[in-house]
Colleague: 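Below: one structure in structure tokens.
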Amino acid sequence: MSQDRLPVRDLEDDLAAAFRENSRLILEAPTGSGKSTQVPQILLEQGFCREGEVVILQPRRLAARMLASRVARERGVALGDEVGYQIRFDRKASARTRIRFVTEGILLRQIMDTPGLPGVAAILFDEFHERHLFGDLTLARAVQVQEERRPDLKLAVMSATLDRTAIEAYLSPCRTLRSEGRTYPVETGYLLPSAKPHQHPPWELAARELDRLVREGTEGDALVFMPGAYEIQRTLRAIEGCGSLKSFAAFPLYGDLPPNAQDAALAPCDRRKIVVATNVAETSLTIDGIRIVVDSGLARTARFDPHRGINTLLVEKISRASADQRTGRAGRTAPGHCLRLWTQDDHLHRPAAELPEIKRLDLAETVLTLKNSGIDNLETFPWVEAPEPVALERAQRLLRELGALEAGSGRLTETGRAMAAFPVHPRYSRMLIAAREYGCVPEIALIAALTQTRDLLERRVGERTEARRDDRLGEETESDFFAQIRAWNHAAKHRFSVDECREVGVHAGVARQTAQVYRHFLGIARNTDPDTKEHRAPSEAVRRCLLLGFSDQVARRAARGTAQYEMVHGRRGALARDSVVRDAPLLVASEVREVQTGGRGSEVAVRLGLATAVAESWLEELFPGDCRTERVVRFDPSTRRVVGEEQRFFRDLVLHTKPVEEPPLEEAAFLLADEVLAGRCPLKHWDYAVEQWIARLNRLAAWMPELELPPIAPDDRKALIEQIVYGARGYKEIKDRPVLPTVKGWLAPEQEALLDHYAPQTVALPRGRKVKIVYSESEPPVLSARVQDLYDLEENIRIADGRVELLVHVLAPNQRPVQITSDIAEFWKTSYPSIKKQLQGRYPKHEWR
DNA sequence: GAGCACTGC
């Protein structure tokens, strides 16, 4: 096969020379330079592979396979002979292989298992700018290996765009070479500030601007980038409404789309076409014939918040590098156009590149992998870019909790070593270890496998599919995993038949991949424990294992009939809508994720997914040291009384509460509650509060000896109580005071009526919570309400930034989030004078209109 | 009135 000489071939001699002088190299070469296919061949031709193979790291499986077969074809050899590839569950390579394309996880495992890398002469890190976690780790480890025992090992970092100064410093001493690309020019435009892009939803802007480009005569097919499936659907609808675009064929394209729908978007089309896509089209998939790119500049980005220990998936602005990558999609076959739906000024304020994964993902698996290969000191490990200390600390804490690391030394335990054999998040490997004792290894292996692939169950299926699901799979309420297991078993029974899977809304391809991972996990488990049998374990055993893996994500339902749950570590969230676990007072969530809600994504909420119902007795059984009972004094806003309670805790989570008949030391309880509620004593536990009081009074006695306060011994509660109860403020006065005044008394009767009218049908909270109603002085005035969780006595009314805020105590009968958007102009007219009058007294300095 | 980008062992 004849072919044009690729630009990177011009560097042939430089490359060889650089590698003879130096063991490290940076190659900056854009799309179309031929670096992925030619550089390995150059090394082979120049004699670098006499001692071993050249390994090329690829971020994607498909790319590894395609590149391998292209190079094999160019060299006229059979795939798997001189040229091969290796990805998970698929290897076409042999002892004769000299050029091997691999994915990142494969090489990471290899370098961790056999650090000397026998038989490897060179490693090329392709597409390194994507900065995947495994790629980063592999490079760092390779550099370490090269320095410690393999000075002959050649390393090259290849990329289209790189933050070169940083990587040069990291690899120093190293040579840097640059090559030309082979793409067509793309004319790139921005919106003008007068277009006010942030005031319009991206789908409107995209349809409008695409319409304009087409009317102006721009040629070729169009690719529109949107952050997710929802925005894609809106864009398609908006395009339908555009006159000039009527003759186009429009397709959605995103990862969760069934394969045939994806193929439809990629296939040639007899009309001009518009593909509306997510980030899949930025790197993973190429669409022929694209000459117009319209970019919303947005993407959903996954992060792990190490402070709260939850994953987030929120719409964010993409970086400049990512925008350039998207732009390049318009110039692959001919000169093209790109329109960015943001202003040039906005562009300049965007980050140069995406944050590397190591800076934004959960590092538990990373830390376990490193520790397992004898890297104990994570601070001296040569990170390409060091992770956040808090993220490392969070990862180590989880590993300690799972029993993988020793509490004091931080060294790997026996359990930890066994866990590291499983290529999966340590939570699941811990469960796989526990499953041996519980006799449910197959179930846990399947559960772990299910989390490693895309979602097995199609989301938002119609009623008929739902009915067939119920009919053929049976009903499941104990765990979302059990529902998935049923679905997978059903698919397996029908040999992953696409038709049967479609009937019940199961992705057949996903089910098939899950089967491979499942068998792999089962194999590893059998290696270490040959007695592992396949049988049906009781549901309880499996659920106990899940509890072991996710004990820090135990959640208790806030109230009957709500989807709101309180979690360990003071977190809270709402159970996923499609969860089968209904009515469970106690559950463990295997997925905790913050997502955007509301039309413009203005609000965020934590969703608890992959839920499993658990029993309270299991907590006592598995974590006896984390369960305890405490006596608590609490203010009950619905009765406005302080009550004494006995609370049962799992760590910091209250499992249930039992009223104590006569609150102990009731008088003091009132006082303490008052202190707590007024925010002067931010405590809720009785004993702790008393201790605080003792400390405070002792301090006071030391500072102000003239008061002649007698010192109080820590156990002298009686003396303390007396001081509090008969102290200067007076017990009676506090006891009789209405602790939580509502704003109602301050309003005119008609205003009260209006509040009454709105509140019962609009407010979103369990009984007794407060709602914050905000009156804005904008034109027209806006009245909106939002949840206020704090019982804030002082802040019933206040002014901030020209807005008047009232806190209103409302009892809410339903659970729905609320936005009051009724016509309130009239209400404002009548109520403002009265509110103003109230406020003038309180805030004399404010200027009132 | 609503919930979900992309990979990899």
Side-chain angles (χ1 to χ4, degrees), chain A residues 57-64 86-91 102-113 127 130-138 225-234 253-257 277-285 296 298-303 311-316 318 322 354 357 360-361 365-366 368-369 372 420-425 428-429 448-449 452-455 457-460 513 516-517 520-521 524 563 573-579 591 593-610 816-819 821:
Chain A
L57 214 54
Q58 285 297 322
R60 277 164 288 278
R61 293 184 196 166
L62 187 66
Q86 187 180 355
I87 59 181
R88 194 177 202 182
F89 304 128
D90 188 8
R91 182 189 149 102
V102 303
T103 37
E104 292 165 336
I106 295 276
L107 188 61
L108 180 63
R109 281 268 150 189
Q110 186 181 349
I111 201 168
M112 291 298 178
D113 292 345
E127 312 284 357
E130 294 189 23
R131 297 298 303 279
H132 292 170
L133 185 50
F134 287 1
D136 260 27
L137 289 176
T138 310
F225 282 102
M226 285 287 152
Y230 170 75
E231 292 83 357
I232 287 174
Q233 294 308 333
R234 296 297 300 254
L253 179 63
Y254 51 93
D256 273 339
L257 218 53
T278 58
N279 258 349
V280 256
E282 186 181 314
T283 46
S284 307
L285 299 173
S296 66
L298 303 169
R300 283 202 166 73
T301 309
R303 296 174 191 278
N311 289 304
T312 59
L313 184 62
L314 305 175
V315 175
E316 296 180 4
I318 61 169
S322 182
E354 281 354 284
E357 282 187 352
R360 38 172 252 250
L361 296 185
E365 196 180 351
T366 298
L368 184 66
T369 306
N372 186 47
F422 292 97
V424 70
H425 192 281
Y428 290 99
S429 54
Q452 292 301 100
T453 44
R454 280 183 180 281
D455 283 354
L457 297 174
E458 280 175 31
R459 270 181 280 123
R460 280 181 232 137
Q513 285 165 23
Q516 284 186 309
V517 183
H520 186 204
F521 289 164
I524 298 171
L575 184 62
R577 266 203 330 271
D578 56 4
S579 174
E591 188 180 69
R593 181 180 273 177
E594 189 171 57
V595 295
Q596 256 135 339
T597 60
R600 303 250 173 118
S602 49
E603 310 258 327
V604 293
V606 176
R607 303 268 165 220
L608 309 185
L610 298 176
R816 290 260 149 223
V818 63
Q819 214 173 355
T821 50

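Just so it is clear, the values below take in all heavy atoms, side chains as well, and ignore hydrogens, waters and symmetry mates. Each chain gets a letter, A, B and so on, in the order its sequence line appears, and its residues count up from 1.
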Colleague: Report yes if a side-chain nitrogen or oxygen of A:Thr283 is closer than 4.0 Å to either non-bridging phosphate oxygen (OP1 or OP2) of B:dT7; otherwise report no.
Modeller: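 It does not, given that no N or O in the side chain of A:Thr283 lies less than 4.0 Å from OP1 or OP2 of B:dT7.
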Colleague: Can you see if the side chain of A:Arg60 gets near the phosphate of B:dT7 - specifically, an N or O under 4.0 Å from OP1 or OP2?
Modeller: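 Checking B:dT7 against A:Arg60, no side-chain N or O comes under 4.0 Å of OP1 or OP2.
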Colleague: What is the distance, to the nearest angstrom, from the NE2 atom on A:His425 to the C1' atom on B:dG8?
Modeller: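 Result: 14 Å.
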Colleague: Applying a 4.0 Å non-hydrogen cut-off, can you work out what A:Leu108 is touching in the nucleic acid: base, sugar-phosphate, or nothing?
Modeller: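 Nothing: the residue A:Leu108, judged by heavy atoms under 4.0 Å, touches no strand.
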Colleague: B:dC9 phosphate, OP1 or OP2: any side-chain N/O from A:Thr369 under 4.0 angstrom?
Modeller: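 So the side-chain polar atoms of A:Thr369 never come under 4.0 Å of the phosphate oxygens OP1 or OP2 of B:dC9.
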Colleague: Closest approach to the side chain of A:Pro423, judged atom by atom: which nucleotide of B:dC9, B:dA5, B:dG3 is it?
Modeller: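 So the side chain of A:Pro423 is nearest to B:dC9.
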Colleague: Report the nucleotide, chosen from B:dA5, B:dT7, B:dG8, that has the shortest atom-to-atom distance to any side-chain atom of A:Val280.
Modeller: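 The answer is B:dT7.
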Colleague: Are a donor atom and an acceptor atom from the side chains of A:Glu104 and A:Thr138 found within less than 3.5 Å of each other?
Modeller: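 Distance-only check fails for A:Glu104 and A:Thr138.
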Colleague: Report yes if a donor N or O on one partner sits less than 3.5 Å from an acceptor N or O on the other, where the partners are the side chain of A:Arg607 and the base of B:dG3; otherwise report no.
Modeller: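 There is none.
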Colleague: Assign A:Arg454 to base, sugar-phosphate, or nothing according to its heavy-atom contacts below 4.0 angstrom with the strands shown.
Modeller: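 The residue A:Arg454 makes sugar-phosphate contact but no base contact.
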Colleague: Report the C-alpha separation of A:Glu316 and A:Arg303 in whole Å, then their side-chain angles, then the decisive distance to 0.1 Å, and conclude whether the side-chain contact (heavy atoms from CB on, under 4.5 Å) test is met.
Modeller: CA-CA 11 Å; A:Glu316 296 180 4; A:Arg303 296 174 191 278; 2.7 Å; yes
Colleague: Name the closest nucleotide to the A:Thr103 side chain, picking from B:dG3, B:dC6, B:dG8.
Modeller: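 Nearest to the side chain of A:Thr103 among the choices is B:dG8.
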Colleague: Given B:dC9, B:dG3, B:dA5, which nucleotide is nearest the side-chain atoms of A:Val595?
Modeller: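 Looking only at side-chain atoms, A:Val595 lies closest to B:dG3.
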Colleague: Please state how far atom CG in A:Asp455 lies from atom C1' in B:dG3, giving the value in whole angstrom units.
Modeller: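 Going from CG in A:Asp455 over to C1' in B:dG3 covers 11 Å.
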Colleague: If you check every side-chain atom of A:Tyr230, which of B:dC9, B:dG1, B:dA5 has the closest atom?
Modeller: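 Of B:dC9, B:dG1, B:dA5, B:dG1 is nearest to the side chain of A:Tyr230.
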Colleague: Expressed as a whole number of angstroms, how long is the span from A:Glu130:CD to B:dA5:C1'?
Modeller: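 Whole-Å distance recorded here is 14 Å.
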Colleague: Begin from the C-alpha positions of A:Val517 and A:Arg88 and carry the test side-chain contact (heavy atoms from CB on, under 4.5 Å) through to its verdict.
Modeller: CA-CA 9 Å; A:Val517 183; A:Arg88 194 177 202 182; 4.2 Å; yes
Colleague: Using a 4.0 Å heavy-atom cut-off, does A:Tyr254 contact any base of the nucleic acid, only the sugar-phosphate backbone, or nothing at all?
Modeller: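 A:Tyr254: backbone/sugar contact only, no base atoms under 4.0 Å.
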Colleague: Between B:dG8, B:dA5, B:dA2, which one does the side chain of A:Arg577 approach most closely?
Modeller: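 Nucleotide nearest to A:Arg577's side chain: B:dA2.
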Colleague: Does A:Leu133 reach a base, just sugar-phosphate, or nothing at all? Heavy atoms under 4.0 Å.
Modeller: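 The answer is nothing, as A:Leu133 stays clear of every strand by at least 4.0 Å.
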Colleague: Closest approach to the side chain of A:Phe134, judged atom by atom: which nucleotide of B:dC6, B:dC4, B:dG8 is it?
Modeller: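 That would be B:dG8.
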